[in-house]
There are 2 protein chains.
Amino acid sequence: MSDVVPPEVRPKPAVPAKPPNVGAPSPSSPFPPQGPGIGGGVGVSAPPPSGIPVPIGSHGPGHPIGHAIGHAVGHSAGHGGSHAAAHSGSHSHTTSHSSGGGSTLLGYIGIDTIIEQMRKKTMKTGFDFNIMVVGHSGLGKSTLVNTLFKSQVSRRSAGWARDEKIPKTVEIKSVSHVIEEGGVKMKLTVVDTPGFGDQINNDNCWEPISKYINEQYEKFLKEEVNITRKKRIPDTRVHCCIYFISPTGHSLRQLDTEFMKRLSHSVNIIPVIAKADTMTIEERQEFKQRVRKELEMSGIEFYPQKEFDEDMEDKSDNDKIREAMPFAVVGSDKEYQVNGKRVLGRKTAWGIVEVENPNHCEFAQLRDFLIRSHLQDLKEVTHNIHYETYIRDLTRMEVCTPYPPTIPKKATCSQSVSQGSSDRVRVRTEQ
Amino acid sequence: MSDVVPPEVRPKPAVPAKPPNVGAPSPSSPFPPQGPGIGGGVGVSAPPPSGIPVPIGSHGPGHPIGHAIGHAVGHSAGHGGSHAAAHSGSHSHTTSHSSGGGSTLLGYIGIDTIIEQMRKKTMKTGFDFNIMVVGHSGLGKSTLVNTLFKSQVSRRSAGWARDEKIPKTVEIKSVSHVIEEGGVKMKLTVVDTPGFGDQINNDNCWEPISKYINEQYEKFLKEEVNITRKKRIPDTRVHCCIYFISPTGHSLRQLDTEFMKRLSHSVNIIPVIAKADTMTIEERQEFKQRVRKELEMSGIEFYPQKEFDEDMEDKSDNDKIREAMPFAVVGSDKEYQVNGKRVLGRKTAWGIVEVENPNHCEFAQLRDFLIRSHLQDLKEVTHNIHYETYIRDLTRMEVCTPYPPTIPKKATCSQSVSQGSSDRVRVRTEQ
């Protein structure tokens with residue numbers, strides 16, 4: 001009968017089989033390393049505390065590895081109206097509990113194959129990443145994006161004439177490419193905003209940008225509620241908006257703060273200081289410090305937003321990034337020979353600015369942050385925070401409530417499993 | 001300046017740097033291996049077809065690896081009302097195009113680090129998996145779940161007395177555990193449904209089950225639209241419902257088909273034949289075939305549903321699984337010594353049934369399918385299909401439309417980027 005299932009659906013674990021570690025969820029964190037009283041060293045045959053079920057299953061001398069088990073008990077919903085709470089008479093009230101004691105059986109389960117399953121899915125389907133660039137003309141937006149993705153992925157390289165005139169209004173232009181690296185395919189869309197900040201009167205010039213961002217949310221939502229069920233929805237939502245600050249050496253312009261203030265709640269904004277080679281290292285540091293202070297005083301929440309740090313490790317990593325922001329960058333799609341190596345750079349009469357040399361500018365830091373460490377997080381924050389904010393605002397604008405008014409009540413009675421308490425109470429709720 | 005960003009945010013790529021492969025998205029698939037006229041072997045300095053931008057950037061002899069670039073051009077939204085389409089006068093109409101020619105710059109981008117970023121996130125946060133077991137009493141539901149997860153994770157082992165009486169109504173009881181394996185933490189919730197099918201009159205006994213499933217969707221939705229923004233929502237939605245078919249050797253009972261028919265559109269149903277050791281191999285094969293035929297005739301869509309196969313590879317893999325379903329299983333949490341090895345089994349006077357031996361039963365196939373190959377997919381189908389179906393049905397029940405009536409129009413004009421065409425047209429839409 002082993003031939004009925006193909007070998008692909010029975011993957012061999014890449015890691016050697018280890019005994020699983022079973023613990024109880026604690027109220028403080030969904031996945032604490034260990035709950036109270038639970039340790040990998042606790043033997044399975046240890047007598048359970050009173051009130052705790054006696055482990056079933058036989059464990060011979062050939063099975064020396066033991067660990068503890070804990071659990072949380074959820075609610076129980078009766079049907080038909082004849083109920084009696086087992087341990088207490090409470091209704092619409094649920095608790096769960098942690099406990100030591102219990103047992104596991106021998107062998108490998110395969111929980112860690114989830115990583116391989118995710119990898120396989122990503123390798124197969126690829127992923128979408130959409131980046132927007134905002135800033136007035138001449139700040140090197142297209143060049144920076146080309147430098148980031150080592151390809152001619154920007155609007156400028158995609159067919160618009162290079163001598164194109166500055167438009168009289170803000171336009172939104174998007175170009176998509178599929179880039180493959182290490183077997184992973186990324187559909188990259190670069191959204192450019194020519195005309196932004198280039199007018200005599202720049203009143204409301206963030207509006208078409210904001211409109212575009214919301215349209216992508218709208219489009220995604222429409223797909224989500226579409227009757228034709230789809231497993232994978234094409235994602236055109238802007239995951240990241242790079243805002244180019246002019247390297248004035250003075251301060252932010254009013255348009256800069258106004259734009260970032262207005263948009264920071266609907267998109268991940270990453271401010272950068274453009275064309276940083278126009279400033280000396282000292283000027284740059286001073287300017288960065290001033291910009292940081294102004295951003296803080298204006299209450300602008302740029303990415304990575306402090307409120308979304310998930311734990312201390314996150315906070316510590318992101319604090320270092322926030323303290324280094326905005327990155328002062330230089331872009332280039334020209335290659336030069338420096339010390340026998342080919343590098344991307346800008347050749348001047350007084351030397352070559354190497355864009356990926358951390359002593360010359362902070363391009364490499366921006367790239368590592370944006371692509372190599374936070375790309376997945378940018379996508380998650382977009383989906384879980386900005387997109388959800390959009391939906392919430394949409395529903396609040398409506399006269400009627402889009403979801404039945406019973407939601408709050410019902411949700412209260414089903415918040416059972418993830419909470420911890422020292423009591424075990426079986427609860428039944430009225431139907 | 002290299003000290004401003006900590007080493008963690010500048011990961012070294014695990015794979016050796018390879019030149020990225022840049023291609024154009026095609027209309028048929030979001031990520032085709034190669035678009036027309038695009039190949040990894042096309043040199044960067046190949047003259048571009050007419051109308052295609054000349055690649056910028058210099059490429060010396062030290063940069064022999066070339067590849068092609070293609071792109072899709074998205075829509076452009078003007079602002080203020082003064083627009084003129086550049087290539088044509090069309091409005092609210094967008095196209096994109098694929099082309100050969102283009103260039104890439106030297107070096108590694110880091111797109112494939114997305115896999116590592118996902119792995120790191122999963123290792124850190126863990127994941128939720130919620131499994132429901134349905135079937136009348138005595139079919140070994142608790143034992144099977146314990147066998148699947150090699151732990152005492154079921155309701156029976158979690159504190160309810162083993163001599164508990166069969167309830168007079170259908171109850172819903174959930175128990176949660178955190179299981180860790182290979183550094184990956186899974187919060188497993190087992191939802192049991194004691195009383196199902198055990199009454200004299202089993203009319204509507206699927207209702208409390210359906211209600212529970214919907215309540216979890218409701219709860220998740222409420223978190224999604226909650227004003228307090230959360231990056232990660234605890235997931236109690238039922239990812240998988242194992243339906244236990246009695247090993248009668250005859251046919252499905254009416255309750256079986258009724259339950260699966262009614263629930264198959266709101267949850268992933270995996271039917272299994274319980275206590276398969278009561279049948280000989282021949283009886284089992286015959287019974288399985290009959291059950292498959294009856295499921296098909298009743299129009300029951302069990303998991304993995306044919307309509308959600310994403311491609312031919314998916315279809316071929318899943319067809320083999322579907323043809324082998326429902327798996328005839330035996331569970332056990334007792335260990336025995338067989339040929340010097342400790343195995344999980346059931347000892348009888350005429351031999352030991354080894355649950356993980358594919359010659360004895362199909363437990364291993366079920367486990368491999370459920371945990372090692374399709375766990376992530378079960379979660380995705382739950383989120384992208386069943387949950388979305390729930391939301392759609394909810395909004396349709398409402399008198400007013402929850403989303404603005406402008407959605408269809410707007411969505412039409414922004415379906416730009418992922419479509420391919422041979423024309424490049426810059427289009428501006430009225431604001």
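Remark: the backbone N or O of B:I109 is paired with a side-chain donor or acceptor of A:R372 at under 3.5 angstrom. A donor-acceptor contact shorter than 3.5 Å is absent between the side chain of A:D333 and the backbone of A:T147.
For A:E380, the part lying under 4.5 angstrom from a heavy atom of chain B is the side chain only. Heavy-atom distances place the backbone of A:L148, and not its side chain, under 4.5 Å from chain B. Only the side chain of B:D311 comes within less than 4.5 Å of a heavy atom in chain A; its backbone stays farther off. Of the two parts of B:L375, the backbone and the side chain both hold a non-hydrogen atom closer than 4.5 Å to a non-hydrogen atom of chain A. Contacts between B:E224 and chain A at a heavy-atom distance below 4.5 Å involve backbone atoms as well as side-chain atoms.
Of the listed residues (B:I114, B:T122, B:V184), the one with the most heavy-atom contacts under 4.5 Å to chain A is B:I114. Of the listed residues A:E310, A:E313, A:R119, the one with more heavy-atom pairs under 4.5 angstrom with chain B than any other is A:E310.
Between B:E356 and B:K150 a salt bridge is recorded (basic side-chain N to carboxylate O distance below 4.0 Å). Ion pairing between A:E215 and A:K211 holds under the 4.0 Å rule for side-chain N and carboxylate O.
A heavy-atom distance below 4.5 Å is found between the side chains of B:I172 and B:V191. Residues B:K219 and B:Q216 are in side-chain contact: their nearest non-hydrogen atoms beyond the backbone lie under 4.5 Å apart.
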